[in-house]
Amino acid sequence: MNRVQVSLQERSYDVLIGSNILPELNCLVQDVLSASQFFFVLDTNVEATHGEIAMDSFACKTDHYALEAVESNKIADTIDSIWSSMLNQGCDRGTVVISIGGGLTGDVGGFAAATYLRGVPLIQVPTTLLAMVDASVGGKTGINLPTKRPDGTTILGKNLAGSFWQPRLVVADVSALQTLDDRQLRCGLAECVKHAMLGHPEVISFIQENHDGIFNRDEEVLIELVTQSVAIKAEVVAKDEREAGSRALLNLGHTFAHAIEPMKELGLFHGEAVSIGLCAACSCSEALGMIDADFVDQIRVLLVSIGLPTRLPMPIQLEDAMGLMQKDKKVIDSCNRLVLPSKDGAMIVDDVDKNAILLAWASVGVTSS
Ligand code: GLY
């Protein structure tokens, strides 16, 4: 089993990465904290499988709330239901919330833990690659809020309410990836590519060289992939826990992705939107002379080899994309702040030239009328 520490003084914690470790969850948790009551927030997809294995490892009282992990459930009403369920089960400030599932379940369970009785301890047990390498690490929790599109229709804006609430432990059992479908695996790989683009060409090579091992679910390869990616994220988070500055580097590709992900007509999963967002960010950087065309090609070829999209599945209007981009909370006021790839990693760039942004959108299939 590998161990990566997220170093945050008194809020430091370990990310444990291993194979077939879920049946020992109780012991792994007891090593870190003791509690008399545990409350599980579970993705309904894993309730009868990983959820049951994890809950069965506990001898003491456990209760749970299962949620269907879709964006339309990542809302305030769901948090309200979890709070009520915890109250009805007599959860107190010593109760530990254990969130088991993908990134959406972790964000929702984490936000409920952050706010119930002003905060109770949280353990993250990610069961998707995306949640293992990204969502479960770093303490971001949150829900979506309804927001208006330029045409007046309402959509859910991603993660517009939330809090920083670090888990006490993250347990990533790569055996859970055996049953994860390929589309979800590819989505997790988009975040691994993003981490690699923060100045870690060795991780790009690892992904290129281990394509078959990853898709054949070779658990040694998966442990190494998750460990490398989590180590990159842990280092960034340790330097800037609350995203006052450099943590924003983790948003590489995401300002573009957050504009297209809520568009139901595109039918994109988060990792797919991130993949297109990474391509747009590369084009933007190239237009600004920050990277050369060879680097852009290398990233596109890698994403294509993984089976991720590098262009929109259908054209969308520039006005729509730009409107939602400005609503992304990472675009500070309207100073066009973007995270862009550079020769040595990535950079936060203010006042990005609007023409470069327009070129970036055009490069992934956005049209202007
Ligand atoms: N997923 C970006 C972050 O955790 O900051």
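Below, all heavy atoms of this structure are taken into account, side chains as well, without hydrogens, waters or symmetry copies. Order of appearance sets the numbers: ligands from 1, and atoms from 1 within every ligand.
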The atoms of ligand 1 lying under 4.0 Å from a heavy atom of Leu250, numbered in the order shown, are 2 (C), 3 (C), 5 (O)
May I ask you to check whether Arg247 has an N/O atom sitting below 3.5 Å from an N/O atom of ligand 1?
-> yes
Under a 4.0 Å heavy-atom limit, does Lys233 contact ligand 1 with its side chain, its backbone, both, or neither?
-> side chain
Checking Thr367 side chain against Gln317 main chain: does a donor-acceptor pair fall under 3.5 Å?
-> no
When you measure from the side chain of Asp14 to the backbone N and O of Leu16, does any donor-acceptor pair fall under 3.5 Å?
-> no
Cluster link Val170 to Leu22, ILVMFWY, side chain under 4.5 Å = no
In the protein, what heavy atom is nearest to atom 1 (N) of ligand 1, and what distance, to one decimal place, separates them?
-> Asp134 OD1, 3.1 Å
Would a line drawn from the ring center of Phe40 to the ring center of Phe58 be shorter than 6.0 Å?
-> yes
